[in-house]
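Small disclaimer: the values here were computed from a predicted structure and weren't measured.
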Amino acid sequence: MKKTIVVGNIIFIYLAALLPALLFTAGSNGFLTFIWDRLFSNNIFVPLGFLLLIGVILYILNICFLLMVKNGKWAAQELAKANMIVKLAQIPAYIFIFAIGLLCGLMIFTIGISFALLLLDISSIGMTGIFASSAFYSLRKEKKISGKMQVLYTLASFLFCADVVIAILAYRASLKTPSPDKA
C-alpha cells in the first residue's frame, strides 16, 4: 500500500501539470492533441473531473495509511525516506505549474486557470502533508524527534517550499539512533 500511495501522490501533481499542457496545445498536431480530441472530447471538465476523482481516492488512501502507521506497520526511516522522495519528485511539476499560473495570472482572460492550478496545488500539498505526518508520527514514536518537533514538522509539511526542507530534515533525523530523553 505504501508504494501505491507514494506513486499516487507523485503522479497527482504531474497530472495536474498536464491539464494546462492539454489546454494550450489543443489544435496543434501531436500526441497531446490526440488525447485532447479523442479521450477528452475537447472538454476541460472531463480530465478535471478525472483528476478530482483521483484526488479524492488519494486523500482516502492517505488517511487510511496514516491510521495503519499508527499501528506500527512501517519503520520511521522507511517512511521518512518515502516522504522525502515524494516531496523531491514533485518539485519539477510545482515549478511548471507555478510558471504557467504566473503567466495565466498576468492575463485577465486566463486568471481562472491560475486559480484552478492553485487549488490543485493546495490539494496536492494537503495529500502529501497527511502522508508526511505519518512519517513524523513514527519518528516521535521511535523517539528520534520530540513531540514539539513532530507538531512543527507536521505543520510545516503543509506549507509550500517548507515541506521539502522538513522532509529532508526528517529523513536526516530518521538516521539517528533514538534518544531516550525525547518524548
I would like to know whether Ile125 and Gln90 meet side-chain contact (heavy atoms from CB on, under 4.5 Å); could you show each step before the answer?
CA-CA 10 Å; Ile125 201 161; Gln90 289 181 331; over 6 Å; no

Look up atom [atom1] in [X] and atom [atom2] in [Y], then write down how far apart they are to the nearest 0.5 Å.
| X | Y | atom1 | atom2 | answer |
| --- | --- | --- | --- | --- |
| Ile166 | Lys87 | CD1 | NZ | 10.0 Å |
| Ile130 | Leu61 | CD1 | CG | 11.0 Å |
| Phe45 | Leu51 | CZ | CG | 13.5 Å |
| Leu48 | Leu19 | CG | CG | 6.0 Å |
| Leu52 | Ile57 | CG | CD1 | 11.0 Å |
| Asn9 | Thr4 | CG | OG1 | 10.5 Å |

Mutual orientation of the aromatic rings belonging to Phe131 and Phe65 [parallel < 30°, tilted 30-60°, perpendicular > 60°]:
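Rings of Phe131 and Phe65: parallel, as their planes differ by under 30°.
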
Is the [atom1] atom of [X] crowded by more than 12 outside heavy atoms at less than 6.0 Å?
| X | atom1 | result |
| --- | --- | --- |
| Ile108 | CD1 | no |
| Tyr59 | OH | yes |
| Phe50 | CZ | no |
| Lys141 | NZ | yes |

Minimum heavy-atom separation for [X] and [Y], please, with both atom names.
| X | Y | result |
| --- | --- | --- |
| Tyr153 | Leu169 | OH-CB, 3.8 Å |
| Phe96 | Ala17 | CE2-O, 3.2 Å |
| Val86 | Val6 | CG2-CG1, 3.6 Å |
| Phe158 | Gly129 | CZ-C, 3.4 Å |
| Ala170 | Ala80 | O-CB, 3.9 Å |

Starting from [Y], can I reach [X] by hopping between I/L/V/M/F/W/Y residues whose side chains sit under 4.5 Å apart?
| X | Y | value |
| --- | --- | --- |
| Leu159 | Ile122 | no |
| Ile13 | Leu88 | no |
| Phe12 | Met1 | yes |
| Phe160 | Ile10 | yes |
| Ile97 | Leu106 | no |

Has the side chain of [X] got a donor or acceptor atom that lies under 3.5 Å from a matching backbone atom of [Y]?
| X | Y | result |
| --- | --- | --- |
| Ser138 | Ala76 | no |
| Ser134 | Leu66 | no |
| Asn62 | Leu58 | yes |
| Thr110 | Ile113 | no |

Evaluate the side-chain proximity of [Y] to [X]: yes if any heavy-atom separation is below 4.5 Å, no if none is.
| X | Y | answer |
| --- | --- | --- |
| Met107 | Ile111 | no |
| Ser174 | Phe136 | no |
| Leu15 | Leu120 | no |
| Gln150 | Leu139 | no |
| Leu117 | Phe98 | no |
| Val46 | Ser41 | no |
| Cys104 | Phe109 | no |
| Leu152 | Lys148 | no |

Pair Ser124, Tyr94 - check side chain to side chain donor-acceptor pair (under 3.5 Å), show working.
CA-CA 10 Å; Ser124 178; Tyr94 277 120; 3.1 Å; yes

Would you sort out whether Arg140 and Met149 count as a side-chain contact (heavy atoms from CB on, under 4.5 Å), showing the intermediate values?
CA-CA 8 Å; Arg140 187 196 47 77; Met149 290 306 291; over 6 Å; no

Tell me whether the NZ or CZ atom of Lys70 lies within the 45° cone about the ring axis of Tyr137 and under 6.0 Å from its centre.
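Yes, a cation-pi geometry.
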
Under the side-chain contact (heavy atoms from CB on, under 4.5 Å) criterion, do Lys2 and Glu78 qualify, and how do the steps go?
CA-CA 10 Å; Lys2 182 185 73 147; Glu78 181 183 2; 3.0 Å; yes

Would Trp74 and Val69 count as a side-chain contact (heavy atoms from CB on, under 4.5 Å) if you check the C-alpha gap in whole Å, the side-chain angles of each, and the deciding distance to 0.1 Å?
CA-CA 6 Å; Trp74 291 279; Val69 167; 3.7 Å; yes

